[in-house]
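Comments concern the structure below.
Everything numeric in this text was worked out from a predicted model, so none of it was measured.
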Amino acid sequence: MKNILVPIEDHNGIPSVLQTAQLVAGKFGSQIEVVPLGPDFEALIAAHFAVPMSVSNEKAQRELLAQLRAMFDDFSKTSSAGEKTPFSWNGSGLFTDIKVGAHGRVFDLTIVGRPGVEPSDPRQATLEAALFESGRPILVAPPKPPKTLGEVVVIAWNASTETARTVGFGMPFLKKARKIIVVSVTSAMSPGPSPELLVRALQRHGLEVSLEVVDETTQPAGRLILARAATAGADLLLKGGYTQSRLRQMVFGGATSLILAEANIPVFMAH
């Protein structure tokens, strides 16, 4: 986890995103590249056929770029405290969501904020672009900045390809964890290896791993996972991103959607 990408936008999750990135850097000696995120102005102009907007397009981009740079500079001044900062600014121009996803292909991890429904919340589109377009894992920072990261790790195992990929990408965190708990909700399992097999595989890496199989059906799987993580005092959750399709989760719900809506700890995901 040496190369970390952090897109920043004017939303209320930015302090948590940047502080989460700082925790990752402290754990792995990472370098963090911060890029300014803005709307796709050309797409907006095309959609509204607003030719006059093209005149103010460059001005609007410059103003937003300056605003985001000021946010980053304020954080850097208060967080470095005279120490060498792991952050660097890549701000020659605004990034769109799709560009963030593509740029993330050469990074070990992209860190984004947990999406919300309010205009001041991080956007779902940014998370999905990073998750689906980068081919790399993402770390979703909770609304409030975490104090620790990766001391107690919960793996939400459902035997899916997405979760297997998440565990593989997450091995650097697992190798530094003090405690690892595999949580498997029976009703949410996919065809594939049992949680016992995952525990055995991780133990072969010299990791101390415990297992909790949840047979309850009184609550959705995502909420059961979050409850077990809270009981364990976890400060990191590993969860495969969208084992079911996004459309199905929008219509019927799903563990990923619920966890993204309610998690109060960082969530490490891959698809």
Taking the side chain as every heavy atom from C-beta outward, state whether [X] and [Y] have any pair of such atoms under 4.5 Å apart.
| X | Y | value |
| --- | --- | --- |
| Val183 | Ile155 | no |
| Met1 | Lys27 | no |
| Lys59 | Glu63 | yes |
| Leu258 | Leu226 | yes |
| Ile14 | Phe75 | no |
| Val24 | Leu139 | yes |
| Trp89 | Ile32 | no |

Using side-chain hydrogen bond (donor to acceptor under 3.5 Å, both in side chains) as the criterion, list what pairs up with [X], not counting sequence neighbours.
| X | result |
| --- | --- |
| Arg228 | Glu212, Glu216 |
| Thr166 | none |
| Gln67 | Asp10 |
| Gln124 | Glu128, Tyr242 |

Exercise. What residues, two or more places apart in sequence or in another chain, satisfy side chain to side chain contact (heavy atoms under 4.5 Å, CB included) together with Ile265?
Worked result: Ala229, Ala234, Leu237
Which atom pair, heavy atoms only, marks the closest approach of [X] to [Y]?
| X | Y | result |
| --- | --- | --- |
| Ala188 | Ala221 | CB-CB, 3.7 Å |
| Ser160 | Ser190 | CB-OG, 4.0 Å |
| Leu68 | Pro36 | CD1-CB, 3.7 Å |
| Gly104 | Ser134 | C-CB, 3.8 Å |
| Phe87 | Leu18 | CZ-O, 3.6 Å |
| Met171 | Leu202 | SD-CD2, 4.0 Å |

If Ile, Leu, Val, Met, Phe, Trp and Tyr residues are connected whenever their side-chain heavy atoms lie under 4.5 Å apart, and connections chain through other members, are [X] and [Y] in the same group?
| X | Y | answer |
| --- | --- | --- |
| Leu197 | Val182 | no |
| Leu238 | Val213 | yes |
| Ile98 | Phe132 | no |

Problem set entry | Test log, rule salt bridge (Lys or Arg N to Asp or Glu O under 4.0 Å), inputs Arg69 and Asp73 | CA-CA 6 Å; Arg69 179 59 194 259; Asp73 288 342; 2.9 Å; yes
Exercise. For Leu260 and Val267, what are the C-alpha separation, side-chain angles and deciding distance, and is it a side chain to side chain contact (heavy atoms under 4.5 Å, CB included)?
Worked result: CA-CA 8 Å; Leu260 288 177; Val267 182; 5.5 Å; no
Seminar exercise, completed: Contacts satisfying ring-ring contact (aromatic ring centres under 6.0 Å, His included) that involve residues 188-236 (not counting sequence neighbours) are none
For this session: Tell me, with the steps shown, if Val214 and Thr186 meet side chain to side chain contact (heavy atoms under 4.5 Å, CB included).
Result: CA-CA 6 Å; Val214 182; Thr186 304; over 6 Å; no
Under 3.5 Å donor-acceptor, [X] side chain and [Y] backbone:
| X | Y | value |
| --- | --- | --- |
| Ser30 | Gly26 | no |
| His271 | Gly241 | yes |
| Trp157 | Pro193 | yes |

Quick one: [atom1] on [X] to [atom2] on [Y], what's the gap to the nearest 0.5 Å?
| X | Y | atom1 | atom2 | result |
| --- | --- | --- | --- | --- |
| Asp215 | Ser187 | CG | OG | 8.5 Å |
| Ile138 | Arg136 | CD1 | CZ | 14.0 Å |
| Leu64 | Glu9 | CG | CD | 8.0 Å |
| Thr163 | Asn158 | OG1 | CG | 3.5 Å |
| Asp97 | Thr126 | CG | OG1 | 3.5 Å |
| Leu23 | Gln19 | CG | CD | 7.5 Å |

Exercise. Would Glu118 and Ser120 count as having a side-chain donor-acceptor pair, cut-off 3.5 Å?
Worked result: no
Exercise. Just checking, is any N or O donor in the side chain of Ser16 or Lys144 under 3.5 Å from an acceptor N or O on the other one?
Worked result: no
For this session: Start with the C-alpha gap between Gln31 and Ile4, add the side-chain angles, then the distance that decides, and say whether side chain to side chain contact (heavy atoms under 4.5 Å, CB included) holds.
Result: CA-CA 6 Å; Gln31 289 297 305; Ile4 312 299; over 6 Å; no
For this session: Could you note down all residue pairs passing side chain to side chain donor-acceptor pair (under 3.5 Å) where residues 101-114 supplies at least one of them, sequence neighbours left out?
Result: Glu33-His103
Report, one line per pair, each donor and acceptor closer than 3.5 Å where one atom sits in a side chain of residues 173-180; sequence neighbours left out.
none

Let me have the donor-acceptor pairs involving side chains of residues 147-154, under 3.5 Å, with sequence neighbours excluded, atom names and distances please.
residue : atom : partner : partner atom : Å
Thr148  : OG1  : Asp235  : OD2          : 2.7

Problem set entry | Those residues that, when tested against Asp121, pass salt bridge (charged side-chain N to carboxylate O under 4.0 Å, His left out) (two or more places apart) | none
Exercise. Members other than Phe95 in its cluster, when Ile, Leu, Val, Met, Phe, Trp, Tyr link by side-chain heavy atoms under 4.5 Å?
Worked result: Leu5, Val35, Leu37, Val100, Val106, Phe107
Seminar exercise, completed: Sequence neighbours excluded, the answer for ring pair (Phe, Tyr, Trp, His ring centres under 6.0 Å) partners of Phe169 is none
